[in-house]
Each structure stands twice: as structure tokens, then as C-alpha cells.
Q: 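Dropping the structure in here first, questions after.
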Amino acid sequence: MVTILKYLVIAAIVVASLVVLVTAFRRGKGVRTLCWSAVSGLAALCVVALIGRFTVFTLAINAWSVLCSAVMGVPGVLLMLAIKFIWVL
């Protein structure tokens, strides 16, 4: 049961990443939008990691979290926090 949930979460992240990519390139400002999304996502990840020292919820900075926050931006960071919150409950 746990592996099915794990694969569903990975599939949701992949679908969300594809939606971000398609939306960025359909607007005609693909590269600029993706760069801005990556910068804001990485900044949000750093803020969550810094604030996490004082709160209960924090995100580890590793290859997967950096990739997720760079591709999906701030919604990716919020998704990682939500997933972590759900698994704690």
C-alpha cells in the first residue's frame, strides 16, 4: 500500500511539472518564465529551510527537493510541505 502511494505522489509531481512546462511555453515567454520560476522556487526552498530551524516543518535540501523546487517553483515547495505534513499525520 505504501509503494502505491509513493508512486502516486511521484506521478502527481511529474504531471504538475509537465503542466508548468507546457503553460510556460504556450505563453511565448518560456525561458524567462522557467528561469523566474526556478529562482523563486529555490528562494522559497531556502526560506523554508531557514525558517524550519525555528518551526516543526522543514525540508531537507537534497537533489530531489532542489529539482522539484527549480522545476515547479513555489507551488513545488508548497507541495513538498503538504506531502510532508500529510505523512506526519
Side-chain angles (χ1 to χ4, degrees):
M1 183 66 178
V2 174
T3 57
I4 293 172
L5 185 60
K6 186 182 202 181
Y7 289 127
L8 286 174
V9 168
I10 291 172
I13 291 172
V14 168
V15 168
S17 299
L18 288 175
V19 167
V20 168
L21 289 173
V22 168
T23 304
F25 282 105
R26 276 200 176 169
R27 298 175 113 196
K29 302 174 185 174
V31 176
R32 185 173 62 179
T33 302
L34 290 178
C35 288
W36 180 250
S37 176
V39 168
S40 64
L42 292 172
L45 180 64
C46 289
V47 167
V48 168
L50 290 174
I51 293 176
R53 295 179 181 179
F54 307 109
T55 62
V56 178
F57 293 106
T58 184
L59 291 174
I61 297 181
N62 55 31
W64 293 109
S65 63
V66 169
L67 179 68
C68 183
S69 64
V71 171
M72 295 186 354
V74 176
V77 176
L78 294 176
L79 178 66
M80 288 188 292
L81 281 173
I83 290 170
K84 188 165 185 172
F85 180 72
I86 290 170
W87 255 293
V88 169
L89 293 179

Q: Looking only at heavy atoms, which two atoms of L45 and S65 are closest? And how far apart?
A: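 Nearest pair, atom of L45 first, then S65: CD2-O, 3.9 Å.
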Q: Going hydrophobic residue to hydrophobic residue with side-chain gaps under 4.5 angstrom, can you get from V71 over to V39?
A: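 No; V39 is not reachable from V71 via cluster members.
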Q: Mind listing the closest non-hydrogen atom pair of V74 and S40 along with its distance?
A: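 Looking at all heavy atoms of both residues, the closest pair is CG2-O, 3.8 Å.
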Q: Is there a path of hydrophobic side-chain contacts, each under 4.5 Å between heavy atoms of I, L, V, M, F, W or Y residues, that connects V47 with L81?
A: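 In one cluster: no.
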Q: I'd like to know if M72 and I83 are part of one continuous hydrophobic network [Ile/Leu/Val/Met/Phe/Trp/Tyr, side-chain heavy atoms within less than 4.5 Å].
A: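 Yes; tracing contacts between hydrophobic side chains, which count when under 4.5 Å, links both residues.
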Q: Can you tell me how far apart CG (L78) and CE (M80) are? Round to the nearest 0.5 Å.
A: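 CE of M80 is found 9.0 Å from CG of L78.
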Q: Under 4.5 Å between side-chain heavy atoms, counting indirect links through other Ile/Leu/Val/Met/Phe/Trp/Tyr residues: same cluster for V22 and V14 or not?
A: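 No, because V22 and V14 fall into different hydrophobic clusters, even though each may have its own neighbours under 4.5 Å.
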Q: What distance separates L50 CG from T55 OG1, expressed to the nearest 0.5 Å?
A: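 It is 10.5 Å, given to the nearest 0.5 Å.
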Q: Among the clusters formed by ILVMFWY side chains lying less than 4.5 Å apart, do V77 and I61 turn up in the same one?
A: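 Hydrophobic grouping puts V77 with I61.
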